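Worksheet for the structure shown next.
The chain is numbered in sequence order, starting from 1. Predicted, not measured: the structure shown is a model, and the values here were computed from it.
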Amino acid sequence: MLQRIQTIWILLSVLAAAFLYITGQDVDVFGNLPIISIACIILVLVGALSLFSFKNRKRQILLNNISIIINALLIGVLVYWMQNLSGGIDFPEKGIEPVFPLIAVICLFLANIFIKKDERLVKSVDRLR
């Protein structure tokens with residue numbers, strides 16, 4: 001059932017990863033290694049898999065938790081990158097790259113809440129039968 005509210009939250013987290021991929025092309029954290037691009041591609045793939053795993057709610061929660069961990073690591077990498085730029089973290093013109101993983105984490109937490117709510121609803125209906 002793709003019309004559930006958690007589908008919208010997962011889709012928003014996938015869009016946040018796609019926007020990070022677009023805006024994060026100039027991020028150079030560890031030399032020529034494209035960590036941000038690889039992580040964004042992985043996040044989009046895991047998000048798409050989670051989006052279409054709507055029949056298996058436990059797998060969907062697991063995939064969302066994996067995405068949350070990857071996004072948390074991305075936040076750490078991007079804050080490290082911002083610290084190493086000239087001007088420190090106070091310079092406001094560095095970009096909005098760390099905002100996208102934060103938005104994705106919030107959306108995935110909300111998606112997990114609604115998935116668990118659906119799981120409880122299904123279990124309560126099964127008890128009535």
May I ask you to decide whether Asp118 forms a salt bridge with Arg4, counting only side-chain N to carboxylate O separations under 4.0 Å? yes
Ser53 side chain to Leu49 main-chain N or O, any donor-acceptor pair under 3.5 Å? yes
In Å, rounded to the nearest 0.5 Å, how long is the span from [atom1] of [X] to [atom2] of [Y]?
{"X": "Arg57", "Y": "Lys116", "atom1": "CZ", "atom2": "NZ", "value": "13.5 Å"}
{"X": "Leu43", "Y": "Ile68", "atom1": "CG", "atom2": "CD1", "value": "11.0 Å"}
{"X": "Asn64", "Y": "Ile69", "atom1": "CG", "atom2": "CD1", "value": "11.5 Å"}
{"X": "Leu63", "Y": "Leu45", "atom1": "CG", "atom2": "CG", "value": "11.5 Å"}
{"X": "Leu108", "Y": "Asn65", "atom1": "CG", "atom2": "CG", "value": "8.5 Å"}
{"X": "Thr7", "Y": "Phe54", "atom1": "OG1", "atom2": "CZ", "value": "8.0 Å"}

Any side-chain heavy atom of [X] sitting closer than 4.5 Å to one from [Y]?
{"X": "Leu20", "Y": "Cys40", "result": "yes"}
{"X": "Leu73", "Y": "Val77", "result": "no"}
{"X": "Gln60", "Y": "Ile10", "result": "yes"}
{"X": "Tyr21", "Y": "Ile41", "result": "yes"}

Applying side-chain contact (heavy atoms from CB on, under 4.5 Å), can you list everything that pairs with Cys107, at least two apart in sequence or on another chain? Trp9, Leu12, Ser13, Ile103
The criterion is side-chain contact (heavy atoms from CB on, under 4.5 Å); which residues satisfy it with Leu62, sequence neighbours excluded?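 Ile66.
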To check you understand the geometry: which heavy-atom pair defines the closest contact between Ala18 and Val44, and what is its length? N-CG2, 4.2 Å
Nearest non-hydrogen partners of Val14 and Ala48, listed with the distance: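 Residues Val14 and Ala48, closest heavy atoms: CG2-N, 4.2 Å.
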Decide side-chain contact (heavy atoms from CB on, under 4.5 Å) for Val122 and Arg120; before the verdict, give the C-alpha distance in whole Å, the side-chain angles of both, and the deciding distance to 0.1 Å. CA-CA 5 Å; Val122 167; Arg120 285 192 304 266; over 6 Å; no
With respect to Val105, which candidate in Asn71, Leu110, Ile70 satisfies the side chain to side chain contact (heavy atoms under 4.5 Å, CB included) definition?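 Result: among Asn71, Leu110, Ile70, Asn71 is the only option passing the side chain to side chain contact (heavy atoms under 4.5 Å, CB included) with Val105.
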